[in-house]
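Data block below; observations after.
Just so it is clear, the model here is predicted, and its values are computed rather than measured. Each chain gets a letter, A, B and so on, in the order its sequence line appears, and its residues count up from 1.
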4 protein chains.
Amino acid sequence: MNSQSENEQLSRRSIGARRNPASQEAILDAAADLLRENGIAGFSIEAVARRARAGKPTIYRWWPNRTVLMLDVYKRFKTARTFSDTGSLRGDLIGFLDNQLIGFWRGSLCGLVYRAVIAEAQNDVGAAEALQAYQAERKGVAVQIIEKAKARGEVPPQTNAMLIIDMVVSYAWHQLLLGHLDEAAGQIESVIDTILSGVAGYKPV
Amino acid sequence: MNSQSENEQLSRRSIGARRNPASQEAILDAAADLLRENGIAGFSIEAVARRARAGKPTIYRWWPNRTVLMLDVYKRFKTARTFSDTGSLRGDLIGFLDNQLIGFWRGSLCGLVYRAVIAEAQNDVGAAEALQAYQAERKGVAVQIIEKAKARGEVPPQTNAMLIIDMVVSYAWHQLLLGHLDEAAGQIESVIDTILSGVAGYKPV
Amino acid sequence: MNSQSENEQLSRRSIGARRNPASQEAILDAAADLLRENGIAGFSIEAVARRARAGKPTIYRWWPNRTVLMLDVYKRFKTARTFSDTGSLRGDLIGFLDNQLIGFWRGSLCGLVYRAVIAEAQNDVGAAEALQAYQAERKGVAVQIIEKAKARGEVPPQTNAMLIIDMVVSYAWHQLLLGHLDEAAGQIESVIDTILSGVAGYKPV
Amino acid sequence: MNSQSENEQLSRRSIGARRNPASQEAILDAAADLLRENGIAGFSIEAVARRARAGKPTIYRWWPNRTVLMLDVYKRFKTARTFSDTGSLRGDLIGFLDNQLIGFWRGSLCGLVYRAVIAEAQNDVGAAEALQAYQAERKGVAVQIIEKAKARGEVPPQTNAMLIIDMVVSYAWHQLLLGHLDEAAGQIESVIDTILSGVAGYKPV
DNA sequence: GCGTAACCGAGACGGTACGTCGGGTCTTCCG
DNA sequence: CGGAAGACCCGACGTACCGTCTCGGTTACGC
């Protein structure tokens with residue numbers, strides 16, 4: 001990934017009064033590399049600039065703070081993860097929890113990055129807003145899963161779609177933040193079944 | 001709370017070769033005050049030492065890092081929250097989610113502190129372990145709710161108790177970290193009902 | 001002075017393959033204004049370009065560095081200060097020290113500009129050379145005062161004209177650089193008299 | 001001079017709640033070295049910190065700005081330059097202009113440093129005040145030369161002592177700032193003679 | 001009379017330095 | 001020995017300018 005950025009070495013000047021894509025690439029590459037190598041602790045604007053052979057102002061020009069930069073790194077890896085429409089609500093939710101959340105985070109750098117973003121959002125107001133906006137957009141997409149199920153008659157129209165999505169995402173976040181993604185991967189079906197059908201054999205007193 | 005620490009003002013020297021409780025109190029007070037006033041951003045060992053009129057080494061002597069200090073602040077407020085045994089699994093879980101998690105975090109400084117702790121745990125290995133341990137202990141207690149329900153015959157013996165607790169806690173964490181505790185307070189019953197009974201009217205295709 | 005530059009506002013493009021006088025005026029105006037308003041500290045190529053609505057390369061194209069630009073601002077104000085030939089060496093030197101140096105610097109922006117130029121010349125070789133050249137030329141003119149006195153027989157032919165001019169200019173510089181121009185204004189005659197006639201009543205032991 | 005600071009290499013921690021002389025030495029050494037090697041241009045707080053293996057805050061703790069630091073470097077070299085009392089005003093002034101000013105600046109790093117200080121004082125108010133104070137103190141000492149001459153009856157009591165000192169110092173500054181110290185060294189006697197006795201053979205018209 | 005060369009504004013680029021804040025370590029001094 | 005005090009090195013923060021570069025557009029001149 002960064003082989004390209006590394007062999008361009010020492011020449012990446014201005015290309016006029018507009019954003020230089022090569023610089024942006026190099027910065028995102030450097031940010032990703034740093035996260036991969038040293039984790040969140042090794043990530044700082046200073047270090048990214050050094051690594052990318054970019055000036056700090058160039059970074060601050062385009063990303064107001066490190067959270068937004070991290071989110072950009074995140075989005076960069078989140079390449080076209082399409083919904084695999086399985087035709088059933090259960091299948092779709094399992095696919096969502098696996099492909100878009102737990103499995104996706106396990107299989108790439110993204111889990112690490114997302115942890116950092118969430119952590120950052122707890123300290124910084126701007127970061128919180130950026131994460132908020134990103135969450136809203138992602139959940140808006142996921143809600144469509146429920147809406148399709150409503151159209152099919154799998155769930156009643158008055159079902160609180162957002163609550164269901166919230167519960168699915170919540171579980172994934174929790175496991176991510178505790179570093180339990182591997183264990184969680186084995187629970188995916190159980191989680192979805194519980195949300196859809198409740199605790200098996202539950203008999204209220 | 002900090003009235004005591006404020007009127008002792010300028011004199012709190014050593015009391016001999018043992019831990020000075022007044023200093024510990026003053027430090028915890030100062031930490032809590034800072035969190036209350038400026039949020040997580042205003043919290044630093046430096047600031048706590050200034051506020052508490054304590055030396056930094058005094059803090060480092062007793063708390064290895066800021067995470068542990070935060071956790072201590074948290075525990076200090078978490079005064080004897082007893083389980084209100086309602087006699088039903090639904091009631092107990094609602095009480096758990098409300099009294100021990102969402103409602104508890106909303107009504108005090110603790111939500112803020114816990115957000116900071118979780119954030120810290122994403123960057124720092126020691127912090128992660130401390131949080132891990134705390135989580136395990138708390139969940140161990142919560143699992144008893146399910147076990148009691150098993151004893152009553154409300155749920156079958158093979159029910160995965162930890163998974164249910166995980167889902168409840170997950171939801172609370174997620175809302176906490178997104179700053180949605182107020183909205184979440186109105187969803188408590190729906191969440192528990194969904195976990196126990198599933199989505200109302202769900203008919204698999 | 002800058003009324004013209006201000007009402008041309010937003011349109012000053014290229015006028016072909018030659019220097020645009022309007023731009024040069026605007027840049028010099030902006031430089032002068034900045035010096036007037038914020039002093040030397042507020043003067044930077046960046047700020048001049050912003051103020052003049054000019055591109056930085058336009059400035060660098062015509063002035064190799066800020067010192068030369070400052071010197072141009074200085075020369076711009078130094079409008080036709082003619083020697084008032086008083087017929088006596090004393091009168092001429094007083095006129096020189098007053099009209100061309102101390103009084104001139106006090107009464108206009110030029111004192112400020114010249115301070116900046118001298119300061120710049122201490123750091124930058126190019127600036128030093130520019131100042132050097134300017135000094136040589138100005139002193140060459142001033143030396144004529146002495147030469148005229150020689151022709152009149154006021155001073156012997158072997159008199160070191162440059163040394164006298166140096167001493168006069170030195171005094172002015174020193175007071176300028178220490179910000180003592182106002183106090184120095186009252187000493188002008190004493191200085192010239194001392195240089196010409198020595199300390200009154202001096203009797204070597 | 002810096003051999004000591006260089007071979008202590010990597011160990012210079014805190015020595016408790018008080019100023020560490022070793023650090024101060026290392027910082028002043030580094031500052032002097034940088035000025036010696038690269039001139040004023042190579043002098044920056046950043047570079048001094050790097051060179052001295054000191055933290056920037058350590059420098060800012062003790063020197064509010066670079067001017068004060070430069071002045072400290074200057075004073076450090078200005079070791080006990082005693083007045084050589086020659087018994088005559090002419091001899092004393094020549095000694096002052098040579099030993100304390102022109103000759104002193106030529107023979108050491110101090111000329112360079114002083115140029116930098118003067119330049120700095122043109123841009124920065126704090127620097128100007130520091131230089132002002134230093135000047136006042138130095139001139140106060142120099143004025144004693146004239147006072148002794150008054151006591152001897154060499155000059156009348158009403159002689160403006162400060163003006164004479166000002167003229168001597170002015171000449172030195174001017175030559176320093178123009179980089180003409182070498183040429184000026186040959187003019188020392190002429191300058192003092194002119195100040196004391198005036199232009200030889202001057203006959204007012 | 002038309003291409004082209006130099007100018008113009010704009011602003012991004014890699015850098016250096018600024019002055020500040022906090023982290024975690026160390027030492028001294030007092031009680 | 002405990003605790004305050006605070007200095008130490010370190011590194012990151014976010015900002016200001018530096019001087020260079022490329023752009024797209026605009027004349028005026030020379031072939």
For DNA chain F, which residues of residues 59-66 of chain C approach it to below 4.0 angstrom with any heavy atom? C:Tyr60, C:Arg66
Between residues 112-122 of chain B and DNA chain F, which residues have a heavy-atom gap below 4.0 Å? none
Please give me the minimum heavy-atom distance between [X] and [Y], naming the atom from each residue.
X: A:Ala121; Y: A:Ala127; value: CA-CB, 3.7 Å
X: B:Ala49; Y: B:Lys56; value: CB-CG, 4.0 Å
X: D:Leu109; Y: D:Ala32; value: CD2-O, 3.6 Å
X: B:Ile40; Y: B:Ala116; value: CG2-CB, 3.7 Å

With respect to the phosphate group of E:dG14, does any side-chain polar atom (N or O) of A:Arg12 fall under 4.0 Å of OP1 or OP2? yes
With respect to the phosphate group of E:dG14, does any side-chain polar atom (N or O) of A:Arg50 fall under 4.0 Å of OP1 or OP2? no
Within this structure, what is the [atom1]-to-[atom2] distance between [X] and [N], rounded to whole angstrom?
X: A:Ile27; N: E:dA12; atom1: CD1; atom2: C1'; value: 11 Å
X: C:Ile45; N: F:dT20; atom1: CD1; atom2: C1'; value: 13 Å
X: C:Asn123; N: F:dC17; atom1: CG; atom2: P; value: 17 Å
X: C:Gln24; N: E:dC8; atom1: CD; atom2: C1'; value: 10 Å
X: C:Glu46; N: F:dC17; atom1: CD; atom2: C1'; value: 6 Å
X: A:Ile15; N: F:dT22; atom1: CD1; atom2: P; value: 11 Å
X: C:Arg19; N: F:dA28; atom1: CZ; atom2: C1'; value: 18 Å
X: A:Asn38; N: F:dG11; atom1: CG; atom2: P; value: 14 Å

Between D:Trp63 and D:Arg19, is there a cation-pi geometry (under 6.0 Å to ring centre, at most 45° from the normal)? yes
Keeping the roles fixed (side chain from C:Arg12, backbone from C:Ala52), state whether a donor-acceptor pair exists under 3.5 Å. yes
Charged N-O contact under 4.0 Å between D:Glu37 and D:Arg51: yes
Are D:Arg76 and D:Asp29 close enough for a salt bridge, meaning some N to O gap below 4.0 Å? yes
Mapping A:Pro57 and C:Ser14 onto DNA chain F by nearest heavy atom, which one lands closer to the 5' end? A:Pro57
Can you check whether C:Leu28 reaches C:Leu69 side chain to side chain, under 4.5 Å on heavy atoms? yes
Check: C:Ile118 and D:Gln122 side chains under 4.5 Å, non-hydrogen atoms: no
Nearest to side-chain heavy atoms of [X], which nucleotide of [options]:
X: A:Arg18; options: F:dC23, F:dC21, E:dT16; answer: F:dC23
X: C:Ser23; options: E:dC8, F:dA4, F:dC21; answer: E:dC8
X: D:Thr58; options: F:dC9, E:dG15, F:dC18; answer: F:dC9
X: A:Ala17; options: E:dG11, F:dA5, E:dG15; answer: E:dG11

Closest-nucleotide mapping onto DNA chain E: is D:Phe43 or C:Pro21 further toward the 5' terminus? I mean the 5' end. C:Pro21
Looking at C:Lys56 and F:dG19, is any side-chain donor or acceptor paired with a base atom of the opposite kind under 3.5 Å? yes
